[in-house]
Trainee: 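Next up is a structure, given as structure tokens.
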Amino acid sequence: MKKRLALAWWLCLHSLLPYAQTDLFDYGFTRSQEPLVVHFPDTLAHPWAGGINSVYCSPLDLDLDGTDDLVAFEKHGNRLLPFLLRDGRYHYAPQYLRCFPSLHDWAIFKDYDGDGRHDIFTYGLAGIRVFRNTSTDTLSFSLVTEQLPAWYYNGYVNLYASPDDYLVVDDIDGDGRTDILNFWVLGKYVHYLRNHASDPALFDLRLEESCWGHFSEADDNNTITLFTDCSDKGDGPLRHTGSSLLWTDVDGDGTHDLLVGDVDSPHLIYLHNGGTDTEAWMDFQDTIFPAQAPVELYSMPAPALVTLPGKARPSLLISPSDPSLTKSQDRESLWRYDYDTLAQQYTLVEKDFLQGEMIDVGSGCRPVLYDWDGDGLTDLFLANYGEFDSARHDQGFLTSSFSSSIRYYRNVGSAAQPAFELADDDFGHLRALNLQALHPTFGDLDGDGLTDMLCGNQDGTLLWIPNVRIETGEGTITSHYKDIDVGEYSTPQLFDLDMDGRADLLIGNRRGLISHYRNIGICGIMDFEWITDTLGQVDVRDFSQSYFGHSVPCFFRDPQRGTVLFCGSESGRILYYKDIDGNLGGAFTLAEQTLAETIDGAPCRLREGIRCGAAVGLLDNDGRPDLLIGNYAGGVSLFLGSTPLPHGTGIPQPAESFFQVYPNPTTGMVQCLPEQEVSSLELFDLSGRRLLQTRQGSLDLSSFANGLYILVINHHTRIKIIKQ
């Protein structure tokens, strides 16, 4: 019986794996950098690159032509943005995205083996994962280790790394081998881990100095104390809240200094090294750096060195790296400093490097398509969670303010070739309301023949903005429209779901579900009757990542397939549902857990970042639905409809999607399926300490404290487990 059950689960799982099937995808999508987008008078160079909030930039030769290009890792959504260097300019090159492994929390590209190709150091399980650049004809990487070990005092253990820190990966002692500088697990002091391996391609890291630089950082702010012997452990438990480090020779005296960023602080601290690289001694600090235009980036600015085109000396590219989604600057969040050889200091060149050439609405971009001006061409609306306004410290903690608004891009192209021009950056005059997470939908709510706007927002209610308010700035906004409240983060769509000629109201929410309100209005005046808050039994939550789902429904009526649903989510997946018509009281069919794009004739799963939202429409008059995806970094990506491909061709889903763990969250037992494919299960806490190990397909967590754990399957696949 047990074998039959396992076989049934195996077949069920494979029915959910998009690339395990041999039939065609229902839809095909190909990423595009067209149509043009104009912020008058300028045409954006890479409008659909997806936005920037918190990035770390590294050089990398993408096309293997011997010249370094650029790759930026976006922390708010674990996205990569590759840029090719052509004719002295960077050009967004998303075709290289499929060449990279799945990365999260932070990523540093550094050549550790001396072959001239940049490898990858990234966060793993309370430690460092390393991928070697194995490119030959095309860019590729292979896993070297899931956890980089190091010798501490009495033996080799996991080299601790925080998911929130940017550490130093460099050759500290000049022997051609890659060493590490990182903060001690409880903060305060920097450890120097020297690589003693006989071959540069290997690692034998050993703690060489536990008080490198002879300074300490306060455990609850960015105060630096110089000339310490690191013997003071404090009166109570220490906590390391997050820091960024850059090892570089700031003053050109031949000895490397240190730049330090700290969580909740907008500044970089320059520590001058009066000693040597290996026996560092920080003898003075500058808390306002650089002097010409000090860094003011909330929070935890992370500096990177990149040699830009035409520059003899590397530039500083600095972006906030605070893991919080609601603390950091967003629209001007990648500052570029070039070194002025005459002034002998870094000078600020721009605050939106790369970012100024792409659509970026701040934090939490949500696209909506609607022909506002009635010219027969579909216009584009981009709402946001908000734009960073200001920051303040309240009882020692950083609090930032954001104001939500809606941008209106008028379609100034043609039916076959759209083009968008920014017409209004505060559509409806809503920014002054100081709300968060506005989400619009459009329709004539009061029967006067004019199109109004209905907006969801963070508190889960709706706002009615009448046409006169939009057109003139006058008129009354009605809050708590119809007393509808779906909890938090309401994302409404007006759509005639039951095909009775009246637009119904469908609303996503933070829980990841969809509420259905049927339009029972008469004489063109909309009125709504609650039907269900679990429409289609849609639930987009992924408990391996979050308690929440943040569903963003986009229903679309396809002439061939009828009504379908593309639903955005907290996890970054766009889930595709069908079998909706005639089944409003039943369960919609989840046809794709993750949509795919076509790259070089093969499907590749879409990974556009967390809290994504989709808009689907017919933009170029070819009969194939086109797709726009907004993400939390404030940008939007465009995918034009293309010929659907067979599921079985191209790149498979990552191993994480092969295994299913249930129940999750759990109060005790967890089961991993397909059980016959499990050779090892290991349970770790967030510090990287292994708690359990078994060769069975299940674990009992009933004796463990409530909280978050990491389950490692077959020494490779990692899934977050919530014990409650």
Side-chain angles (χ1 to χ4, degrees), residues 1-3 5-10 12-13 16 78 101-105 122-131 143-165 184-186 203 205 237 239-240 323 541-547 571 653-724:
M1 179 65 181
K2 184 177 180 181
K3 290 184 178 179
L5 214 55
L7 178 60
W9 269 99
W10 171 260
C12 177
L13 288 172
L16 296 177
N78 298 323
S102 179
L103 308 173
H104 57 87
D105 294 291
T122 186
Y123 182 70
L125 178 59
I128 302 172
R129 301 166 74 205
V130 181
F131 292 86
L143 181 67
V144 174
T145 180
E146 285 280 3
Q147 286 186 317
L148 195 60
W151 180 278
Y152 284 89
Y153 307 111
N154 299 315
Y156 287 98
V157 296
N158 172 44
L159 197 168
Y160 173 78
S162 163
D164 304 327
D165 286 356
W184 174 46
V185 61
L186 294 179
F203 292 99
L205 293 162
R239 60 185 182 92
H240 180 50
R541 287 175 291 185
D542 182 348
F543 287 115
S544 68
Q545 296 193 34
S546 172
Y547 281 113
S571 67
Q653 293 266 28
E656 284 83 350
S657 67
F658 179 78
F659 290 103
Q660 298 286 315
V661 174
Y662 77 99
N664 187 15
T666 181
T667 58
M669 293 296 299
V670 291
Q671 181 78 27
C672 181
L673 294 173
E675 187 176 0
Q676 64 268 35
E677 296 296 320
V678 177
S679 60
S680 170
L681 287 182
E682 299 169 278
L683 188 72
F684 293 82
D685 63 19
L686 295 184
S687 71
R689 183 166 57 99
R690 187 167 61 192
L691 306 174
L692 282 178
Q693 184 177 21
T694 180
R695 295 184 179 181
Q696 306 299 316
S698 61
L699 283 176
D700 186 358
L701 276 65
S702 57
S703 63
F704 290 92
N706 293 346
L708 184 64
Y709 298 88
I710 306 295
L711 184 67
V712 180
I713 307 170
N714 296 350
H715 308 291
H716 183 270
T717 301
R718 282 164 164 71
I719 296 178
K720 295 177 184 177
I721 300 292
I722 298 172
K723 168 64 179 1
Q724 63 181 18

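Quick note: residue numbers are just sequence positions, from 1.
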Trainee: Please name the pair of heavy atoms, one in P149 and one in L205, separated by the smallest distance, quoted to 0.1 Å.
Mentor: O-CB, 3.9 Å

Trainee: Below 4.5 Å, heavy atoms only, C-beta onward: do I713 and C672 meet side chain to side chain?
Mentor: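 Side chain of I713 against side chain of C672, heavy atoms only: contact under 4.5 Å found.
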
Trainee: Just to verify, which of T145, L159, I128, L148 counts as forming a side-chain contact (heavy atoms from CB on, under 4.5 Å) with F203?
Mentor: L148

Trainee: Who are the side chain to side chain donor-acceptor pair (under 3.5 Å) partners of N706, not counting sequence neighbours?
Mentor: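 Listed in chain order: K723.
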
Trainee: Holding to side chain to side chain contact (heavy atoms under 4.5 Å, CB included), I want the full list of residues that pass it with D542, two or more places apart in sequence or in another chain.
Mentor: S544, Q545, S571, R573

Trainee: Taking all heavy atoms of L681 and all of S698, pick out the closest pair and write down the distance.
Mentor: CD1-N, 3.6 Å

Trainee: Which residues satisfy the side chain to side chain contact (heavy atoms under 4.5 Å, CB included) test with V144, sequence neighbours excluded?
Mentor: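 Here the qualifying residues are Y112, V130, R132.
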
Trainee: Can you list everything that forms a ring pair (Phe, Tyr, Trp, His ring centres under 6.0 Å) with Y156? Sequence neighbours excluded, please.
Mentor: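 Here the qualifying residues are W151.
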
Trainee: Identify, with sequence neighbours excluded, every residue that meets side chain to side chain donor-acceptor pair (under 3.5 Å) alongside S703.
Mentor: none

Trainee: Check side chain to side chain contact (heavy atoms under 4.5 Å, CB included) between T122 and all other residues, then give those that pass, not counting sequence neighbours.
Mentor: L103, A107, I120, R129, F131

Trainee: Could you pull out all residues at least two apart from L692 that satisfy side chain to side chain contact (heavy atoms under 4.5 Å, CB included)?
Mentor: L683, L699, F704

Trainee: Distance check, rounded to the nearest 0.5 Å: N78 atom CG versus S102 atom OG?
Mentor: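 So the CG of N78 and the OG of S102 are separated by 7.5 Å.
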
Trainee: So which atom in N158 and which in Y152 form the shortest heavy-atom distance, rounded to 0.1 Å?
Mentor: O-CE1, 4.5 Å

